[in-house]
Amino acid sequence: MGESQGALMQGTLDMLILKTLRAGAMHGYGIAEAIHRRSEDALRVEEGALYPALHRLQLRGLLSAKWGTSENNRRAKYYSLTTAGQRHLETELGHWNRMVAAIGRVIETA
Amino acid sequence: MLREKLTSTLLRIKALWHRRQLEQDLEDEMAFHLAARRDAAPQEGRGVQPRFGNATRIKEETRDLWLFAAWENFWRDVRYGLRSLRKSPAFAITATLTLALGIGVNAGVFAIFDGAVFRPLPVNAPGEVYQISQTFTGKFARNVSGEGSLISAPEFAEYVHENEVFSGATAFAPFVSATLGGDAKRDISGTLASCEYFDVLRIKPELGRTFTASDCAAAGSGTVVILNDSTWRSSFGSDPGIIGRPIVLNRVPSTVIGVAPPGFDGTEFAASEFWAPFTMHDTLFPETAFFNDANMSWLVFLGRAKPGVSSEAIHSNLNVIAAHLGARYPQRVTHISVRAATLFASPEERPVALGAGAVMMIAVALVLAIVCANLANLLQARGTARSREIAVRQALGASRGQLVRQLLTENLIVALAGGAIGTLFAVWTSGLVVRILLGLFQSTEIGSLRLHVGPDWRVFTYCLCVSLATGLTFGLLPALRASRADLDTVIKTGASTTRKHNFTGRALVAVQVAFCMVLLLVTGLALRGLYRAQTFEPGFDIHGVTAVAVNLQRQGYTPQRATQFQRDLRDRLAAMPGVTAVAQATVAPLSGDHWITGMKLASGTELGRVENDSVTSDFLPLMGIPIVRGRNFTARETETGAPLAIVSEALARAAWPGKDALGETFRADDDDSVALVIGIAANTNISNPANMEQIYLYRPAGPANQLELHTFVRMANSVSADAAVRQAILASDRDLWFEAKPLEANLEVWRMPARIVAMIGAVVAALALSIASLGVFGMVAHGVSRRMREISIRMAIGAEGRDVRNMIVRQALRPVVLGAAIGLAVCGAISGTLSLSLFGVTAHDPLAFVAAPAFLMGVALIACYIPARRTTRLDPMRVLRYE
């Protein structure tokens with residue numbers, strides 16, 4: 001269960017990051033905080049998982065990155081969705097919803 | 001998926017350019033996150049600290065995503081390897097130099113091999129030029145001047161007219177010997193070519209013009225000639241006025257119309273001194289006028305393919321034409337071969353060239369194998385010395401794979417460095433070596449030999465592959481070995497497993513010695529063969545005879561005039577004081593000329609390929625060949641060319657076994673006459689020194705042979721023979737060109753291959769021996785240092801230094817003896833093949849088989865003895881205390 005859970009988590013994390021960035025460009029810390037907030041403190045993304053995921057997504061061309069200045073005048077790297085990223089997000093959301101529905105149906109039936 | 005992979009690779013390549021920026025960015029990104037966290041929860045204070053360790057790891061993990069892991073690892077291994085080599089310079093230098101030697105020799109031989117066999121011809125856009133050959137099977141008869149795969153002029157015309165694949169084609173006869181008239185008479189070797197020759201090869205003349213279609217308009221037309229640049233310089237004084245002036249070839253004045261550009265010597269192995277239209281053949285050689293003979297093989301056929309046409313297309317197109325040409329010979333099948341135009345491209349020459357090359361490559365590969373074994377041993381020793389370092393690295397977390405990769409990289413660096421040095425040196429000197437070797441082959445029959453050897457992508461690719469393969473061969477096993485160090489034992493005691501190392505070391509020495517033995521023995525056999533060739537005495541009387549070669553056909557003589565000339569020459573020479581015998585024949589003994597005919601016997605059997613000579617009546621007595629039964633020809637019979645014959649004993653036995661050959665008749669294929677056997681001559685090796693039982697036929701030199709007779713003069717004093725001959729010849733014709741030399745000089749040609757092989761073999765064997773003995777030396781020296789402790793203990797408890805030394809030498813000699821035995825066995829097996837190809841070598845020459853091993857063992861003994869001597873001067877107490 002542990003390994004497959006990790007793999008599931010990886011794909012899911014990617015989806016969460018992409019979804020969060022649909023709202024607009026954000027830096028790594030901002031993304032982690034957004035996920036933490038939206039999930040109502042249920043999901044806490046470790047930096048050790050977040051940054052590799054962000055960089056992998058960037059390498060795959062699903063995110064693009066730009067350096068800018070943050071609110072408190074620090075140098076920060078802002079990520080945003082690319083068109084390919086948007087398309088990928090749509091696909092992943094579709095998969096996710098279908099899977100949730102399917103699992104739901106199995107659980108519902110006694 | 002694929003698109004993402006592409007994007008990722010492209011982004012990563014971009015990141016390579018901005019390496020430092022990447023590091024800074026990652027640093028900043030982490031720093032920002034940390035600062036943001038701290039800002040958001042300032043009260044956590046000390047709790048934030050643990051994150052620091054994590055930040056480094058996250059940074060590393062992220063950075064690895066951006067880099068090409070394999071590439072990074074590789075460079076790290078290389079840097080580490082270089083550092084490690086710098087720390088042991090003695091090893092690095094020894095290994096590199098040894099490798100340079102081994103690989104360099106291979107590179108040199110390959111460069112020569114490549115130049116002879118694979119390199120395209122020195123013409124413009126050589127990739128498009130192909131050589132076309134015809135081979136026949138089935139029942140057929142073919143006239144041949146040169147090789148059977150050459151074509152005839154009418155066939156060439158047909159191919160040119162009917163083909164759809166060539167933008168241009170040319171046919172030419174190389175190695176055409178003519179006699180240059182004028183003030184500096186000499187033999188000259190050139191090419192008779194079709195008039196498109198220079199156009200197809202795209203060679204522009206330095207002076208004047210090249211052939212035009214009118215020069216080849218009809219058979220016999222075009223008495224023009226183009227000179228080679230070096231011939232123009234050496235024989236005609238670089239005179240630009242030579243254009244338009246005639247030179248005399250075979251007594252035919254030919255106008256010089258151009259000079260070829262410097263460096264162009266034709267497309268063959270020997271330089272062509274002139275080019276003349278091939279239609280001039282019958283004019284230059286009226287007695288062998290075969291220009292219009294469609295069934296005569298004498299022309300090399302080269303074609304330049306149209307753009308985009310493949311060799312398969314050429315093959316199928318020409319096959320159609322060949323079938324059409326062959327319609328007249330229904331039982332003959334013609335096979336077309338299309339080969340990229342290089343030297344030795346014809347079906348007859350290529351296998352020989354490839355075979356000779358392969359043998360040379362194997363010899364030097366053996367040397368390289370010895371080098372590898374040597375280095376493997378060296379690395380073995382180094383591995384045990386570094387076992388501590390390796391163990392520490394393993395303790396720090398290096399995996400076995402990483403260690404092996406790094407050690408292997410280190411070895412490959414040495415291999416590539418050695419290979420680079422060796423290759424450069426070889427390429428630089430190969431030109432010189434080739435010139436020296438070719439200089440040994442000089443002969444007046446063909447022009448000076450030329451081989452273009454130089455840097456070429458094939459040579460460099462080969463050297464790279466050889467270097468890598470060498471590095472893997474000697475480097476892999478030691479790398480695997482070294483990384484297997486047992487952590488605990490090594491770090492604690494500093495010792496390492498020795499038993500397995502011992503065995504490998506000894507096995508490697510045995511292998512080296514075996515290879516060395518093979519090379520030494522082959523050289524020994526070749527040297528013995530050379531010795532025998534030098535002291536060889538043929539079965540007939542070859543000494544004290546001057547042989548005169550004068551080619552009357554090339555100098556404009558008719559058969560009638562020639563008959564008169566020969567008779568006058570004989571009479572004049574016979575009348576001179578000191579001359580004991582004069583004779584003439586169409587073939588000079590041991591000259592390498594072979595006149596062949598077939599014999600059809602009365603019984604119906606046919607004997608093919610019978611060597612024969614047409615002689616005057618004094619020939620057999622002059623050569624000291626006795627007539628065993630029957631009688632010799634009379635002078636009258638040889639003058640009229642009577643249909644008689646004298647056969648050698650071997651021929652008599654072969655043609656009429658059990659019967660008396662005297663009185664038998666046969667029909668000869670070459671002149672279609674019936675001859676009567678009147679005598680049987682003793683067997684002798686008149687044509688091939690290795691064959692005492694020659695099947696040979698002697699016939700009278702009649703009117704048909706007068707143009708081509710060699711004259712033999714036996715004089716008491718051979719020095720004055722030259723003067724006598726000159727006087728006699730010039731008395732008949734002041735303008736005649738002839739060559740006189742001692743008949744024994746013909747033996748030289750037979751000695752040549754043995755000499756070459758012996759020389760090359762000696763160099764290669766010496767190389768192998770020095771490397772192998774260094775290997776043995778190293779092994780023993782290393783063994784002694786390693787076993788210092790054991791030796792000192794032995795001596796402390798009473799053994800004499802001498803006894804210990806002897807023990808060490810005895811132990812060291814065991815693998816040597818084993819290797820020598822293996823080498824002897826291998827050589828015994830292959831020496832049979834060797835004796836067939838080299839004159840003078842017998843398969844199991846006892847002297848060679850005894851001397852070579854003895855020599856090797858002697859050297860090995862010295863190599864073992866010297867380092868072992870250390871033990872006699874040892875103070876055991878000091879050693880033990882130090883340990």
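Note that the structure is a prediction, hence the values are computed from the model and not measured.
Interface residues of residues 16-28 of chain A toward chain B, defined by a heavy-atom distance below 4.5 Å and sorted by number: A:His27, A:Gly28.
In this structure, CD on A:Glu71 lies 10.0 Å from CG on B:Asp39, to the nearest 0.5 angstrom.
Interface residue B:Leu26: only side-chain heavy atoms are found under 4.5 Å from chain A. Looking at B:Asp64, there are no atoms closer than 4.5 Å to chain A (heavy atoms on both sides), in backbone or side chain. Residue A:Glu33 does not touch chain B at all, counting heavy-atom pairs closer than 4.5 Å.
With contacts defined as side-chain heavy-atom distances shorter than 4.5 Å, the pair B:His33/A:Tyr51 qualifies. For the pair B:Asp28/A:Trp67, a side-chain contact is recorded, criterion being any heavy-atom separation below 4.5 Å from C-beta on. The shortest side-chain heavy-atom distance between B:Ile58 and A:Glu46 does not fall under the 4.5 Å cut-off. Here the side chains of B:Trp66 and A:His55 are in contact, with some heavy-atom distance below 4.5 Å. In this structure, B:Leu65 and A:Leu59 have side chains that are in contact, with non-hydrogen atoms separated by less than 4.5 Å.
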- Trace of the side-chain contact (heavy atoms from CB on, under 4.5 Å) decision for A:Arg75 with B:Asp25: CA-CA 9 Å; A:Arg75 191 166 174 255; B:Asp25 285 352; 3.2 Å; yes

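With sequence neighbours excluded, the residues forming a side-chain contact (heavy atoms from CB on, under 4.5 Å) with B:Ala35 are A:Arg74, listed by chain and number.
Residue with the most contacts toward chain A among B:Glu4, B:Lys59, B:Arg12, B:Met30: B:Glu4 (heavy-atom pairs, distance under 4.5 Å). Your options are B:Ala36, B:Ala15, B:Ala31, and the one with the most heavy-atom pairs under 4.5 Å with chain A is B:Ala36.
The residues A:Glu47 and B:Arg37 are annotated as salt-bridged, a charged nitrogen and a carboxylate oxygen being separated by less than 4.0 angstrom.
Between A:Gly48 and B:Glu61, the shortest heavy-atom contact is O-OE2, 4.4 Å.
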